[in-house]
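Here is the structure we will look at.
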Amino acid sequence: MSTDYNFSEIEKKWQEFWAQNRTFQVTEDAGKPKFYVLDMFPYPSGAGLHVGHPLGYIASDIYSRYKRLKGYNVLHPMGFDAFGLPAEQYAVQTGRHPAETTEENIARYKRQLNRIGFSFDWSREVRTCDPKYYKWTQWAFLKMFGSWYDNSIQKVRPIEELTAHFSESGTDGIDAACSRVLSFTAAEWNAMDEGRRAAVLMNYRIAYLGETSVNWCPQLGTVLANDEVKEGLSVRGGYPVIQKKMQQWQLRVSAYAQRLLDDLDSLEWTDSLKEMQRNWIGRSEGAEMIFKVSNGENTYDMTIFTTRADTVFGVTFMVLAPESEWVPRLTAPEMKSSVEEYLASAAKKTERERIAETRQVTGVFTGSYAVNPITGAKIPVWISEYVLSGYGTGAIMAVPAHDSRDYAFAKHFNLPIVPLIEGCDVSQESFDAKEGIMCNSGFLNGMTVKEAIPAAVRKIQELGIGRKKINYRLRDAIFSRQRYWGEPFPIYYKDGVATPMDMSCLPLCLPEIDRYQPTESGEPPLARAVGWEYQGWPIEKSTMPGFAGSSAYYLRYMDPHNDSAIVDRAKDEYWRDVDLYVGGTEHATGHLIYSRFWNKFLYDLGYVCEKEPFRKLVNQGMIQGRSNFVYRIKGTNTFVSYGLKDKYETTEIHVDVNIVHNDRLDTEAFRKWMPDFATAEFILEDGEYICGWAVEKMSKSMFNVVNPDNVCDTYGADTLRLYEMFLGPVEQSKPWDTKGIDGVHRFLKKFWRLFYGRDGALFTDTPATAAELKVLHNLIRKVSADIENFSMNTSVSAFMIAVNELTELGCTSREILEPMVILLSPFAPHICEELWSRLGHTASVANAAFPEYIESYTVENTFEYPVSFNGKTRFKLELPKAVDPAAAEAAVLASPNTEKYLAGKPVKKIIVVPSKIINVVF
RNA sequence: GCUCGAGUGGUGGAAUAGGUAGACACGCAGGACUUAAAAUCCUGUGGGCAGCAAUGUCCGUACGGGUUCGAUUCCCGUCUCGAGCACCA
């Protein structure tokens with residue numbers, strides 16, 4: 001048996017051992033407390049893993065292994081978010097089936113992950129593109145299609161209960177989340193034909209088909225959700241996005257807005273993440289107010305939303321969103337052509353252009369007028385882009401004196417501005433602050449703004465022209481994607497009416513098609529599928545978005561092979577929810593909202609037992625790339641070292657970081673790297689070529705991608721794991737910098753040498769000394785506290801200190817070394833398994849028990865020493881044994897601050913080291 | 001513009017409840033072992049001043065104030081960086 005630390009042999013051996021012995025497979029065990037540790041499952045991209053990906057996985061794996069040692073039954077699964085755009089785009093280019101490339105990518109990912117020694121229970125693996133998995137995505141969709149949200153009990157109910165109510169009493173007594181408020185009697189309902197009823201019900205379903213303004217990305221040929229668009233460009237690909245009205249499947253997430261907001265308080269998430277979700281939900285309290293509007297022939301009631309009901313006396317015009325349904329009704333004949341021209345120009349703009357022209361004022365007059373319900377004044381109705389159709393009612397009352405957007409509009413089109421707050425100057429800009437005393441405002445005069453807002457709301461409520469209203473920014477999620485590689489909708493169109501398939505039809509498998517691009521007529525790829533029909537009727541041709549499959553995957557891990565339920569009730573009641581969820585912050589307003597919504601929906605229907613899916617959430621930081629540069633002297637093939645480059649005219653060239661070590665270039669490897677450089681010459685400094693560097697995104701084009709496989713080859717997985725933790729706090733973003741990896745590797749070698757010297761085993765059965773026990777127990781305390789707090793980086797330091805100390809003490813005692821192996825095993829599992837077995841154990845170290853911390857081994861041996869001051873015993877010194885009490889007393893009394901310490905305050909203790917006071921506790 | 005978060009040596013970063021700032025590691029410098037290299041080990045390493053020296057002393061956690069016997073930590077203001085939202089009425 002080798003006495004050297006041969007990591008590659010050890011790591012291979014134990015990875016095989018874990019797989020063969022199914023060491024990390026778990027089942028429900030009522031005798032043990034459960035703990036569910038989840039990583040955000042990866043999208044298996046063609047590029048494979050780089051060192052940034054495993055950061056969170058390593059931290060969660062340490063946590064899982066630690067909890068296992070602590071006696072918990074730990075569920076720690078992994079799977080793949082396997083539907084998605086890149087595989088499909090690759091298919092469009094190459095004609096290869098996305099399933100094929102996805103399969104290959106998953107195999108590569110699994111191989112890479114397993115090399116790092118994660119304790120995943122692979123028997124529970126899920127893949128979103130597997131029909132056995134997406135059966136339950138489709139199932140949930142059908143459940144949503146068959147449900148409505150009852151606002152009065154804040155809960156979802158089966159749609160049959162709504163139809164029963166309709167046939168008995170119409171819409172009377174119904175307070176439902178809906179696309180638009182409808183009102184009809186039972187008789188009217190009963191007289192409707194099937195098609196009409198279907199249309200009415202669509203207004204209430206949680207999953208519904210509706211016309212909406214969507215983010216359309218022409219280059220991708222698909223619709224995108226709000227969180228898939230950043231700054232007017234698609235997150236995937238960075239293509240421009242335009243607004244387009246389309247008939248789309250949507251999820252009525254907005255029904256859950258208040259609950260999604262309220263339940264945030266119960267979660268152990270970072271404040272910043274909760275804040276992000278709060279902003280995204282965007283609750284705002286205000287009022288709805290009805291304005292009479294007239295196009296000259298007819299008069300209508302138009303409802304608007306405002307948070308400043310108090311400013312109603314200053315409304316000098318109204319504004320409609322260009323997409324508002326009021327526009328056609330209120331456009332006067334003589335204004336028709338200019339309105340149409342304006343609408344056309346607004347529709348043509350991309351989202352990005354709209355943002356770029358943010359402060360440019362545009363708009364057009366409709367020719368119609370509204371009546372201010374309080375003052376009776378006749379005010380013009382305009383159309384402008386600055387009003388959004390998706391928020392409130394898509395129409396506003398404009399108060400230019402107290403809203404900067406209305407102000408800009410009024411100035412531009414020369415509309416009147418009426419100030420409503422005493423002493424405010426609106427000649428240059430609006431006065432938006434909610435402070436001051438009201439004036440020019442009838443019954444509100446003399447009140448402060450804070451008083452006036454509720455007073456105005458009360459008044460309009462009395463007059464029956466409005467009511468208190470809470471609005472949310474959160475919109476319904478658009479659920480259709482015009483592409484191939486996603487879950488098909490189990491919906492067919494019977495006489496044009498969207499009809500759900502029977503549950504027994506699930507899974508509805510994705511059909512084969514010959515090509516993956518949209519059809520020539522612009523239909524989604526599924527239009528190419530031959531026989532894509534159900535009982536002779538056409539099946540829905542769009543597919544579900546990426547977030548569909550990732551919204552409930554944590555539930556399937558609890559019971560991944562169940563074909564008759566999304567999760568067995570007993571298993572759900574055992575595993576309940578995710579105790580620790582680790583993943584990137586980029587999912588804050590996407591996946592993490594959708595998942596919470598999805599879970600709440602299933603909770604309402606009684607399929608799951610917890611209101612919230614993810615109890616504690618940790619956001620790991622991104623690992624950026626650290627690029628290296630070489631400097632070629634212009635017009636030559638000679639490269640000059642970093643420190644000398646200013647003496648020449650050079651071009652900076654990215655060089656593969658894998659042939660650079662500690663910023664020193666491996667010149668031989670460089671010559672072999674690319675044919676162009678085969679004859680490269682170098683100007684060195686001190687015999688070495690020093691490279692320049694910069695922090696950039698980790699990407700192939702910058703040659704700064706570091707593959708974890710390479711690190712495992714050179715240093716081993718245990719070093720990689722420790723180093724990623726050592727780099728800094730898990731939550732923090734930082735560049736991958738291999739400087740320092742040697743230090744961590746050196747630590748593992750030192751650790752090994754505690755057990756094995758040059759001539760064989762060192763460990764003995766001699767009892768531990770007091771000093772050794774102190775080192776061990778301090779470490780136990782430190783490491784458990786650190787892991788619980790997720791500060792793995794300081795744990796690694798603590799290990800280094802402990803190993804140095806034990807080395808210095810010449811520790812060989814099994815009594816110390818065995819617990820050390822257990823302690824380190826979550827961080828560096830392979831070396832610990834090996835040492836554990838060499839210590840004579842046959843079971844995996846993963847099945848050991850975490851050593852208990854015994855305080856008496858570590859407490860400082862201190863004693864109290866009374867100090868008299870001015871003849872009285874005034875305070876006590878808590879002194880370490882090593883300190884001379886007389887010297888300490890002298891130091892305290894001599895301290896110029898002692899008088900201040902004693903000034904009227906009782907002193908509890910003073911901690912002293914020779915000649916210096918360090919700690920006074922009152 | 002609004003909302004969060006963060007600014008500590010040459011570098012990554014420590015400092016649990018306000019109590020010896022800079023742990024640990026990298027890098028650097030010097031040394032040991034070696035024919036040599038690699039590996040390994042030891043010593044030093046925030047800055048200024050004084051001293052042959054052990055050492056002493058002052059300044060130091062973005063900047064300016066405040067609270068406190070004592071502030072990297074708490075409070076107010078400023079600057080810089082990062083993240084998110086962005087015409088949300």
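We name chains A, B, ... by the order of the sequence lines, and we start the count at 1 in each one.
For A:D786 and A:R781, the salt-bridge test fails: no basic side-chain N is under 4.0 Å from an acidic carboxylate O.
B:G47 and B:G22 have their C1' atoms separated by 13 Å, given to the nearest Å. Spacing between B:U57 and B:U3 at atom C1', rounded to whole Å, works out to 47 Å. Remark: the separation of the C1' atoms in B:C41 and B:U34 is 13 Å, to the nearest Å. Atom name C1', nucleotides B:C28 and B:G10: the rounded distance is 8 Å, in whole Å. Atom name C1', nucleotides B:G60 and B:C4: the rounded distance is 30 Å, in whole Å. Nucleotides B:A71 and B:U8 are separated by 14 Å at their C1' atoms, to the nearest Å. Nucleotides B:C24 and B:C75, compared at atom C1', are 33 Å apart to the nearest Å. Taking the P atom of each, B:A32 and B:A23 are spaced 27 Å apart, rounded to whole Å.
Using cut-offs of 30° and 60° on the angle between ring planes, the pair A:H587 and A:H591 is perpendicular. Below 30°, between 30° and 60°, or above 60°: for A:Y391 and A:F305 the angle between ring planes is above 60°, a perpendicular geometry. In this pair, A:F431 and A:H402 present their aromatic rings perpendicular. The plane angle is above 60°, beyond the 30 to 60° band.
Centroid-to-centroid, the aromatic rings of A:F747 and A:W752 stay 6.0 Å apart or farther. A distance of 6.0 Å or more separates the ring centres of A:F413 and A:F317.
Between A:T794 and B:G13, a side-chain N or O to OP1/OP2 separation shorter than 4.0 Å is absent. A close approach under 4.0 Å does not occur between any side-chain nitrogen or oxygen of A:Q732 and OP1 or OP2 of B:A6. Note on A:Y391: a side-chain N or O is less than 4.0 Å away from OP1 or OP2 of B:A89. For B:C24, neither phosphate oxygen OP1 nor OP2 lies less than 4.0 angstrom from any side-chain nitrogen or oxygen of A:N793. The side chain of A:N804 places an N or O atom within less than 4.0 Å of a non-bridging phosphate oxygen (OP1 or OP2) of B:A25.
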Identify each atom pair where a protein N or O and an N or O of nucleotides 41-44 of chain B are less than 3.5 Å apart, giving names and distance.
from: B:C41; atom 1: OP1; to: A:R753; atom 2: NH2; distance (Å): 3.3

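The number of heavy atoms from other shown groups lying within 6.0 Å of CD (A:E788) is above 12.
Rounded to an integer number of Å, the gap from CG of A:L722 to P of B:C26 is 14 Å. Between A:M800 atom CE and B:A14 atom C1' there is a gap of 13 Å when expressed in whole angstrom units. Here the P atom of nucleotide B:A89 and the CD1 atom of A:I383 are 22 Å apart, to the nearest Å. For A:N778 and B:C24, the CG to P distance is 15 Å, given to the nearest whole Å. The nearest whole Å value for the distance from the CE atom in A:M276 to the P atom in B:G82 is 16 Å. The interatomic distance linking A:Y723 (OH) with B:G13 (P) rounds to 10 Å, in whole Å. Atom CG of A:L779 and atom C1' of B:C24 are 13 Å apart (whole Å).
The minimum heavy-atom distance linking A:T362 with A:Y342 is given by the pair OG1-OH, 2.7 Å. Considering every non-hydrogen atom in both A:N704 and A:G625, the closest pair reads ND2-CA, 3.7 Å.
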Intra- and inter-strand pairing of RNA chain B, written as dot-bracket with Watson-Crick and G-U pairs under 3.5 Å and | for the latter, reads (((((((..(((......[....)))((((((.......))))))(((((....)))))..(((((..]....))))))))))))....
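In the set B:C85, B:A89, B:A14, the nucleotide with an atom closest to the side chain of A:S284 is B:A89.
A donor-acceptor contact under 3.5 angstrom links the side chains of A:D476 and A:S254, judged on distance only. Side-chain contact annotation: A:D403 with A:S430, donor-acceptor N/O pair under 3.5 Å absent. Under 3.5 Å, the side chains of A:Y715 and A:D742 contain a donor-acceptor pair of N or O atoms.
The side-chain heavy atoms of A:H745 and A:I741, taken from C-beta on, include no pair separated by under 4.5 Å.
Within 4.0 Å of A:I396, counting heavy atoms only, lies at least one base atom of the nucleic acid.
Contacts between residues 733-745 of chain A and RNA chain B, defined by a heavy-atom separation under 4.0 Å, are made by A:K739, A:G740, A:G743.
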